[in-house]
There are 2 protein chains.
Amino acid sequence: MLNEFDIFKDFLHQQKLRWTPQRKMILDVFLSFDGHVQIESLHEKMQAQDPSLGIATLYRTLKLLVDCGLVEAHSFQNGRKTYERTFHVRHHDHLICTRCETTIEFEHPLIEKYQLEICEQYGFSLKSHKMELLGICRNCRK
Amino acid sequence: MLNEFDIFKDFLHQQKLRWTPQRKMILDVFLSFDGHVQIESLHEKMQAQDPSLGIATLYRTLKLLVDCGLVEAHSFQNGRKTYERTFHVRHHDHLICTRCETTIEFEHPLIEKYQLEICEQYGFSLKSHKMELLGICRNCRK
DNA sequence: TTTTATAATGATAACGATTATCAATATAAA
DNA sequence: TTTATATTGATAATCGTTATCATTATAAAA
Ligand SMILES: [Mn+2]
Ligand SMILES: [Mn+2]
Ligand SMILES: [Zn+2]
Ligand SMILES: [Zn+2]
């Protein structure tokens, strides 16, 4: 049973790239978080474990993880990206509260189906999609 | 019958802001474009009409136009924003070709309906949404 | 029509997240 | 081992957008 580390290793090998202690540690740290993570949090935790690790390597590795399909990058609100694991995680879209920045995850099979229909209609080959519903969450409405 | 200029003027007045020749010209130039416009195009056309007009004012005015609801700002691909008029233009979402950056506009009433249902379910007050389908367009697939 | 309070302007410096650069080092295949 | 080349960390650069600030323009009030 393949886990994320094996998948990443295979990907690197296929691309003639190399498996390094830095990449291992970054994947390790990334997986220790749940949900949406920001570079800043990853960097802090990394620094705690090994202060010699540079932030450029963190950015580079995250990009590789996205390329190999283990991670999804979101550009929600404030210009900062967030990262989310996708391996053994169901696809979903997001409700985003513009007041407290909380996100709620949801999925709707019919919306996904209609998206495909629309693409067919225009001869479009769908690779991915982004759907964000922006508003005020239950808590913030009180 | 109100047009964009009247609406903008009213908005400014409500907010105790001022109607200036620069704001008039920027709205004028903006409306002379169809579809999605980038700052760069607006700036070029502005410079042609009046080279003394500064780019800071362009950014500031676009932001006001978004605030008053006449314009929608998109952050599609490369970090650059595009602007689109919304007055007397039906709401729609976008198919975006990641190869040639062409966009196709579409609307799907049921998708919109399900979005509302999801929000109700989570006690969420929906303000706006963003839905982008990314892939390869018919032309680029050939 | 002045006066007056304050909003707007243009030039340009600053911002800030991400990328590029580069010399030193590490990896892995031969 | 050797060797080709990928990777690293430090840091400079990028670039669209904002903030700053002194000067000027607007519009309501007098
Ligand atoms: Mn999520
Ligand atoms: Mn559009
Ligand atoms: Zn909230
Ligand atoms: Zn295309």
Side-chain angles (χ1 to χ4, degrees), chain A residues 5 8-30 36-44 46-68 71-83 101, chain B residues 5 8-30 36-44 46-68 71-83 101:
Chain A
F5 291 92
F8 194 27
K9 274 188 213 169
D10 285 356
F11 171 82
L12 292 172
H13 195 258
Q14 274 174 24
Q15 309 278 313
K16 300 199 193 316
L17 303 178
R18 291 169 186 176
W19 175 242
T20 66
Q22 289 87 344
R23 288 177 177 166
K24 176 178 177 348
M25 168 177 288
I26 289 169
L27 179 50
D28 232 351
V29 167
F30 175 76
H36 300 183
V37 206
Q38 304 204 185
I39 283 280
E40 202 188 337
S41 312
L42 292 167
H43 192 223
E44 277 172 18
M46 257 177 49
Q47 291 290 83
Q49 293 195 220
D50 179 355
S52 74
L53 228 160
I55 193 156
T57 301
L58 178 53
Y59 276 107
R60 285 188 287 237
T61 303
L62 250 348
K63 195 167 295 183
L64 289 172
L65 288 169
V66 169
D67 287 345
C68 85
V71 173
E72 209 170 78
H74 303 297
S75 309
F76 285 156
Q77 52 269 349
N78 41 358
R80 268 201 290 288
K81 281 182 184 167
T82 58
Y83 298 89
E101 303 202 341
Chain B
F5 292 91
F8 194 27
K9 274 188 215 169
D10 285 354
F11 171 81
L12 292 172
H13 194 259
Q14 274 175 24
Q15 308 280 315
K16 299 198 192 317
L17 304 177
R18 290 168 187 178
W19 176 241
T20 67
Q22 289 87 344
R23 288 176 178 169
K24 177 181 178 344
M25 167 176 290
I26 288 168
L27 179 50
D28 233 349
V29 167
F30 175 76
H36 301 182
V37 207
Q38 304 203 184
I39 284 279
E40 202 187 339
S41 311
L42 292 166
H43 192 224
E44 277 171 18
M46 259 177 48
Q47 290 291 83
Q49 291 192 222
D50 180 354
S52 74
L53 227 159
I55 194 158
T57 302
L58 179 53
Y59 276 106
R60 285 188 284 239
T61 304
L62 251 348
K63 195 167 293 184
L64 289 172
L65 288 169
V66 169
D67 287 345
C68 86
V71 173
E72 208 170 78
H74 303 297
S75 310
F76 284 155
Q77 51 273 347
N78 41 0
R80 267 201 289 290
K81 281 182 184 168
T82 58
Y83 298 89
E101 302 201 343

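Order of the sequence lines fixes the chain letters, A, B, ..., with proteins taken first and strands second; residue numbering starts at 1 for each chain.
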Report the distance from atom [atom1] of [X] to atom [atom2] of [N], rounded to the nearest whole Å.
X     : N      : atom1 : atom2 : answer
A:M46 : D:dG9  : CE    : P     : 7 Å
B:K63 : D:dT17 : NZ    : P     : 10 Å
B:R18 : D:dA27 : CZ    : C1'   : 6 Å
B:I39 : D:dC15 : CD1   : P     : 17 Å
B:H43 : D:dG16 : NE2   : C1'   : 13 Å
A:F76 : C:dA17 : CZ    : P     : 18 Å
B:K24 : D:dA25 : NZ    : P     : 19 Å
B:L53 : C:dA11 : CG    : P     : 9 Å

Problem - A:A56 side chain, from C-beta outward: closest of D:dA6, C:dT9, D:dT11 - result: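 So the nucleotide nearest the side chain must be D:dT11.
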Practice task
Could you work out which one of D:dT8, D:dT26, C:dT18 sits closest to the side chain of B:T20?
Solution key: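 Between D:dT8, D:dT26, C:dT18, the one nearest the side chain of B:T20 would be D:dT26.
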Practice task
Return yes if some donor-acceptor pair links the side-chain N/O of A:R23 with the main-chain N/O of A:R18 below 3.5 Å, else return no.
Solution key: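 Yes, the answer is positive, given that a donor and an acceptor are paired below the 3.5 Å cut-off.
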Problem - Under 4.0 angstrom between B:H13 side-chain N/O and D:dA28 OP1 or OP2 - result: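 It does, given that an N or O in the side chain of B:H13 lies less than 4.0 Å from OP1 or OP2 of D:dA28.
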Practice task
I would like to know whether A:K63 and A:D67 meet salt bridge (Lys or Arg N to Asp or Glu O under 4.0 Å); could you show each step before the answer?
Solution key: CA-CA 6 Å; A:K63 195 167 295 183; A:D67 287 345; over 6 Å; no
Exercise for the section: For A:I55, answer base if it contacts any base atom (sugar-phosphate contacts may also be present), sugar-phosphate if it contacts only those atoms, and nothing otherwise; contact means non-hydrogen atoms under 4.0 Å. Expected result: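 Result for A:I55 = nothing.
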Problem - Contact summary for B:I39 and B:Y83, nearest pair of heavy atoms - result: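 Looking at all heavy atoms of both residues, the closest pair is CG1-CE1, 3.6 Å.
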Practice task
Measure distances between side-chain N and O atoms of A:R60 and base N and O atoms of D:dT8, and say whether any donor-acceptor pair falls under 3.5 Å.
Solution key: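 No, the side chain and the base share no sub-3.5 Å donor-acceptor pair.
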Problem - Closest-nucleotide 5' rank along DNA chain D - winner of B:Q22 and B:Y59 - result: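 This one resolves to B:Y59.
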Exercise for the section: List the steps and the verdict of side chain to side chain contact (heavy atoms under 4.5 Å, CB included) for A:L42 and A:I26. Expected result: CA-CA 8 Å; A:L42 292 167; A:I26 289 169; over 6 Å; no
Exercise for the section: Check step by step if side chain to side chain contact (heavy atoms under 4.5 Å, CB included) holds for A:H74 and A:K81. Expected result: CA-CA 6 Å; A:H74 303 297; A:K81 281 182 184 167; over 6 Å; no
